[in-house]
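The structure displayed is predicted, hence computed values, not measured ones. For reference, positions follow the sequence shown, starting with 1. In each ligand, atom 1 is the first atom listed, and ligand 1 is the first ligand listed.
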Amino acid sequence: MTRHERLTDPRDRHFSAALDFGREWLRAPLRVGAVAPSGSALARAMTRGLSDEDGPVLELGPGTGVFTAALLARGIPPERIAAIELGEHFAVALARRLPRVTVLQGDAARVGRLTPFGAGQAGSVVCGLPLLSMPPSIVLRILAGGFAALKPDGQFRLFTYGPKCPVPAPILDRVGIVARRAAFVPLNIPPASVYILKREVRAA
Ligand SMILES: C[S@@+](CC[C@H](N)C(=O)[O-])C[C@H]1O[C@@H](n2cnc3c(N)ncnc32)[C@H](O)[C@@H]1O
């Protein structure tokens, strides 16, 4: 095996992503919120059914880019993906690896202002943030900002290791959204559930 083959071997890439992730977790365990990147089964569940028609896509907390790669594999063009990552190391590494994806180093709580697609223009938000370890006021800002960035029928996807939706009911009510569990992924470490949040349709 040549050096080039070794460096482009996907197993090497996964190994190096896991190392990067572990290093970031040592630096900022609360921000990172997990000791390893999500597995491919969770990445597939998070992006199931999405296609270019569901774009453009805003990704929150991409980390090493497991969900970004799954979005690309679903046929969403890189120019129609923007990822907001607070960690400088993650942001720089992702921008280097996927130069056609817009990677913004910033706080997902400012997603309503940071979206490069314009207010109310994104088709989907794919959220990899550790919402359970965030204060409710920040979760509210992320949800309100995310829905301000979305089209009226846009969807906000997230995952959790917990037994129920990590967005507390008063925040769902305040933003006017409903959540449904779309998948349970036992093969992830730890097992995770995927939720899809949408604006509540109220009877006229
Ligand atoms: C649990 S990791 C998930 C990473 C990746 N989506 C995955 O599933 O493997 C959470 C990610 O969110 C990022 N993050 C945490 N707080 C953030 C914030 N306020 N704004 C943007 N990114 C944030 C962390 O740096 C980390 O990359």
Side-chain angles (χ1 to χ4, degrees), residues 10 13-48 50 57-74 76 81-98 101-116 122 124-146 148-149 156-162 166-167 171 182-185 187-195:
R13 219 173 44 235
H14 289 310
F15 181 65
S16 120
L19 270 184
D20 286 350
F21 207 94
R23 241 181 258 131
E24 277 297 282
W25 180 78
L26 285 174
R27 271 192 202 111
L30 275 184
R31 166 173 56 82
V32 175
V35 287
S38 298
S40 54
L42 180 54
R44 280 196 301 277
M46 276 293 278
T47 57
R48 184 158 299 134
L50 292 181
V57 180
L58 280 166
E59 186 181 353
L60 309 181
T64 52
V66 183
F67 297 163
T68 328
L71 289 166
L72 293 169
R74 296 279 182 200
I76 297 167
I81 302 174
I84 302 175
E85 169 58 57
L86 191 57
E88 184 185 350
H89 291 83
F90 277 146
V92 169
L94 189 62
R96 208 170 278 153
R97 184 155 71 83
L98 300 173
V101 168
T102 301
V103 180
L104 303 168
Q105 195 215 331
D107 187 346
R110 296 182 58 233
V111 53
R113 293 193 183 173
L114 291 177
T115 174
S124 311
V125 172
V126 170
C127 174
L129 300 169
L131 295 174
L132 279 179
S133 56
M134 294 177 166
S137 59
I138 299 294
V139 175
L140 173 61
R141 284 179 59 197
I142 291 166
L143 264 291
F156 189 115
R157 295 182 174 210
L158 55 83
F159 77 92
T160 181
Y161 305 130
V167 181
I171 295 184
F184 175 63
V185 186
L187 291 181
N188 195 65
I189 304 171
S193 294
V194 174
Y195 284 83

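Listed by chain and residue number, Phe21, Tyr161 satisfy the side chain to side chain contact (heavy atoms under 4.5 Å, CB included) test with Ala34 (two or more places apart in sequence, or in another chain). When the side chain to side chain contact (heavy atoms under 4.5 Å, CB included) test is applied to Pro136, the partners found at least two apart in sequence or on another chain are Ile171. Applying the salt bridge (charged side-chain N to carboxylate O under 4.0 Å, His left out) test to Arg23 and every residue at least two apart in sequence or in another chain returns Asp20.
No donor-acceptor distance shorter than 3.5 angstrom exists from the side chain of Arg157 to the backbone of Val126, with no hydrogens or angles considered. Without hydrogens or angle criteria, Arg74 side chain to Arg44 main chain gives a donor-acceptor distance under 3.5 Å.
Note that the CD atom of Glu85 and the CZ atom of Arg31 stand 6.0 Å from one another [nearest 0.5 Å].
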Are any protein N/O atoms closer than 3.5 Å to the N/O atoms of ligand 1? If there are, list each pair with names and the distance to one decimal place.
residue: ligand 1; atom: 6 (N); partner: Gly61; partner atom: O; Å: 2.9
residue: ligand 1; atom: 8 (O); partner: Ser38; partner atom: OG; Å: 2.5
residue: ligand 1; atom: 9 (O); partner: Ser38; partner atom: N; Å: 2.9
residue: ligand 1; atom: 19 (N); partner: Asp107; partner atom: OD1; Å: 2.9
residue: ligand 1; atom: 20 (N); partner: Ala108; partner atom: N; Å: 2.9
residue: ligand 1; atom: 22 (N); partner: Leu86; partner atom: N; Å: 3.1
residue: ligand 1; atom: 25 (O); partner: Arg31; partner atom: NH1; Å: 2.7
residue: ligand 1; atom: 25 (O); partner: Glu85; partner atom: OE2; Å: 2.6
residue: ligand 1; atom: 27 (O); partner: Gly63; partner atom: N; Å: 3.4
residue: ligand 1; atom: 27 (O); partner: Glu85; partner atom: OE1; Å: 2.8
residue: ligand 1; atom: 27 (O); partner: Glu85; partner atom: OE2; Å: 3.4

